[in-house]
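The structure appears below as structure tokens.
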Amino acid sequence: MEFRQLECFIAVAEELHFGRAAERLCMTQPPLSRQIQLLEQDLGVTLFERNSRQVLLSAAGRRFLRDARHLLEFSARAAATARRTSGGEAGHITLGFTAVASYRLMPSMIMQARKLLAGVEIQLRETVSTDLDRLLVARELDAILARSVPQQAGIESRLIEREPLVLALPAGSPLCEHETVPLRLLQGQPFVLYSPREGKYFYDRIVGAFGLADVQPDYVQRAGQTHTLLALVRAGLGVGIVPDSARELRFEGVEFRPIGQRNLYADMYLAWHAQHDNPALDAFLTRVVGVGVGVAGDQETRSDTPA
């Protein structure tokens, strides 16, 4: 049984006239009749009851018509899916990300992907940066959103966002009177700092900035995650420095102020394997991220493959 035979059968079943069916299929009547005969022989049933005046579907033909339509529809969908998958418009991507990326950047990126690549399924996996690096290198993830990129041959990356760091203050703090808070005003202030282990990226940037400014806060507590740090700030334990996207958590009793210090920001990269066989990832990189298109500003693409 061939798909062409199914097309011939459906045309005759709908027209109930071999001449009109042949014209519809852009063929002559004898080859059409031959295709129906071959189909009936393959199935071992009579699909049409014929006489000199009319063509009618048999009981078997009426039943087979429904299934034949389904078979052709399914084959058409399968072919279209294969073409979309080859072109990256269908398929699957596994995207890893850190918790902070989920506050603003990752949801925005997923919404853009839904608009541009509706047929691509994106599986999300949230974990810490060190695990993201390991899972990407092991090819358990197609791409990652992370603060740093694995320094391994074959890994490419794109600077997606350069996010300012801001000061988080308990409501009512005297520092809230300032529109912008210079780092020097944090001298001796009770300060909630990121953990040097779980929050190493932010720990290094914040402690480094204090060192360059010759400012020494009173480190009263360390926290591994941004939401924990903000909860401690809200409780009045001290102030803290967090990425600007932490505003999206909308902690009541916490206010945010810009910091009067240049180059105090946090980078977010998208990283992936340069050599991969996933057309959906290529489409995601090109159409959603803009890799290869050229984006103005601080964004850049980098390959860590040795020359």
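Nothing fancy with the numbering, it's 1 onward along the sequence. These numbers come from a predicted model, not from an experiment.
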Original post:
Which pair of non-hydrogen atoms, one from G238 and one from P170, has the smallest distance, and what is that distance?
Top reply: O-CD, 3.7 Å

Original post:
V149 and A271: which non-hydrogen atoms are nearest, and at how many Å?
Top reply: CG1-CB, 4.0 Å

Original post:
Taking C-beta and beyond as the side chain, do I93 and Q123 meet within less than 4.5 Å on heavy atoms?
Top reply: no

Original post:
With sequence neighbours excluded, what pairs up with D131 under the salt bridge (charged side-chain N to carboxylate O under 4.0 Å, His left out) test?
Top reply: R134

**OP:** Please list, chain by chain and in numerical order, all residues satisfying side chain to side chain contact (heavy atoms under 4.5 Å, CB included) with S58, sequence neighbours excluded.
**Re:** E49, A60

Subject >> Minimal non-hydrogen separation, L264 against A209, with atom names >> reply: CD1-CB, 3.7 Å

Original post:
Can F97 be reached from L105 by stepping across I, L, V, M, F, W or Y side chains whose heavy atoms are under 4.5 Å apart?
Top reply: yes

**OP:** Would you kindly confirm whether L124 and V128 end up in one hydrophobic cluster when ILVMFWY residues are joined by side chain heavy atoms under 4.5 Å apart?
**Re:** no

Original post:
Would a hydrophobic clustering, with Ile, Leu, Val, Met, Phe, Trp and Tyr connected at side-chain separations under 4.5 Å, put L145 with Y201?
Top reply: no

Original post:
Does E40 use its side chain to pair, donor to acceptor, with the backbone of T46 at less than 3.5 Å?
Top reply: no

**OP:** Decide yes or no for D133 and Q152: does some side-chain heavy atom of the first lie under 4.5 Å from some side-chain heavy atom of the second?
**Re:** no

Original post:
Passes side chain to side chain contact (heavy atoms under 4.5 Å, CB included), M109 versus F284? Steps please.
Top reply: CA-CA 10 Å; M109 185 173 287; F284 179 80; 3.7 Å; yes

Subject >> side-chain hydrogen bond (donor to acceptor under 3.5 Å, both in side chains) partners of residues 236-263, not counting sequence neighbours, each pair once >> reply: R104-D244, R104-E248, E163-S245, D244-R247, E255-R257

Original post:
Under a 4.5 Å cut-off applied to non-hydrogen side-chain atoms, are V181 and I259 in contact?
Top reply: no

Original post:
Near E179 CD, under 6.0 Å, is it more than 12 heavy atoms from other residues, nucleotides or ligands?
Top reply: no

Original post:
Counting N and O atoms only, with roles assigned by atom type, does the side chain of T286 sit under 3.5 Å from a partner on the main chain of D282, one being a donor and the other an acceptor?
Top reply: yes

**OP:** Sequence neighbours left out, what pairs pass side-chain hydrogen bond (donor to acceptor under 3.5 Å, both in side chains) with at least one residue falling in residues 19-39?
**Re:** E14-R24, E15-R24

Original post:
Applying the 4.5 Å side-chain criterion to the ILVMFWY set and letting contacts propagate, would L212 and F191 be lumped into a single cluster?
Top reply: no

Original post:
Which ring-ring contact (aromatic ring centres under 6.0 Å, His included) pairs, counting each pair once, include a residue from residues 226-268, with sequence neighbours left out?
Top reply: none

Original post:
When rounded to the nearest 0.5 angstrom, what distance separates CG in L285 from CG in L270?
Top reply: 6.5 Å

**OP:** Report yes if the side chains of L281 and V120 come closer than 4.5 Å at any heavy-atom pair, otherwise no.
**Re:** no

**OP:** Drop me the distance from F210's CZ to L183's CG, to the nearest 0.5 angstrom.
**Re:** 5.5 Å

Original post:
Do you know the tightest heavy-atom contact between L132 and I144?
Top reply: O-CG2, 3.9 Å

Original post:
Quick check, are the ring centers of F202 and Y194 under 6.0 angstrom apart?
Top reply: yes

**OP:** Can you measure from CD (E7) to CG (L39) and round to the nearest 0.5 angstrom?
**Re:** 12.0 Å

**OP:** Verify side chain to side chain contact (heavy atoms under 4.5 Å, CB included) between F3 and S75, making sure each step is shown before the conclusion.
**Re:** CA-CA 9 Å; F3 286 119; S75 69; 3.7 Å; yes

Original post:
Side-chain contact, heavy-atom cut-off 4.5 Å: T94 with R125?
Top reply: yes

Original post:
Rounded to the nearest 0.5 Å, how far apart are OH of Y219 and CG of L193?
Top reply: 5.5 Å

Original post:
Should the heavy atoms of other residues, nucleotides or ligands under 6.0 Å from CG of D67 be counted, would the total exceed 12?
Top reply: yes

Original post:
Does atom CZ of R114 have more than 12 heavy-atom neighbours, drawn from other residues, nucleotides or ligands, at distances under 6.0 Å?
Top reply: no

Original post:
Taking a hydrophobic cluster as the set of Ile, Leu, Val, Met, Phe, Trp and Tyr residues connected by side-chain heavy atoms closer than 4.5 Å, whether directly or through intermediates, do L232 and V166 fall within one such cluster?
Top reply: yes

Original post:
With no hydrogens and no angle check, is any side-chain donor or acceptor of Y203 less than 3.5 Å from a backbone partner on R222?
Top reply: no

Original post:
Is it true that a side-chain atom of Q275 and a backbone atom of H273 form a donor plus acceptor pair closer than 3.5 Å?
Top reply: no

**OP:** For residues W272 and E156, determine if any side-chain heavy atom of one lies less than 4.5 Å from a side-chain heavy atom of the other.
**Re:** yes

Subject >> Spacing of CG belonging to L56 relative to CZ belonging to R62, to within rounding of 0.5 Å >> reply: 9.0 Å

**OP:** Give a yes or no on whether the backbone of G253 and the side-chain of R234 come within a donor-acceptor separation of less than 3.5 Å.
**Re:** no

Original post:
How would you list, by chain and number, every residue that makes a ring-ring contact (aromatic ring centres under 6.0 Å, His included) with F48, sequence neighbours excluded?
Top reply: F9

Subject >> Nearest atoms (heavy-atom pairs only) where A11 meets L25 >> reply: CB-CD1, 3.8 Å

Original post:
Roughly how far apart are R147 CZ and T98 OG1, rounded to 0.5 Å?
Top reply: 6.0 Å

Subject >> Note, R69 side chain near I10 side chain (heavy atom, < 4.5 Å) >> reply: yes

Original post:
Is R197 atom CZ crowded by more than 12 heavy atoms from other residues, nucleotides or ligands, each under 6.0 Å away?
Top reply: no

Original post:
Can you find a pair of side-chain heavy atoms, one from V239 and one from V192, that are under 4.5 Å apart?
Top reply: no

Subject >> Sidechain-backbone polar pair: N278 side chain, H92 backbone, donor-acceptor under 3.5 Å >> reply: yes

Subject >> Heavy-atom closest contact (G96 atom, L141 atom, distance) >> reply: CA-CD1, 4.0 Å

Original post:
Above 12 or not: heavy atoms from other molecules or residues under 6.0 Å from CG of N51?
Top reply: yes

Original post:
Passes side chain to side chain contact (heavy atoms under 4.5 Å, CB included), V233 versus V242? Steps please.
Top reply: CA-CA 11 Å; V233 170; V242 296; over 6 Å; no

**OP:** List the steps, then state whether side chain to side chain contact (heavy atoms under 4.5 Å, CB included) holds for L32 with V12.
**Re:** CA-CA 9 Å; L32 173 60; V12 175; 3.9 Å; yes

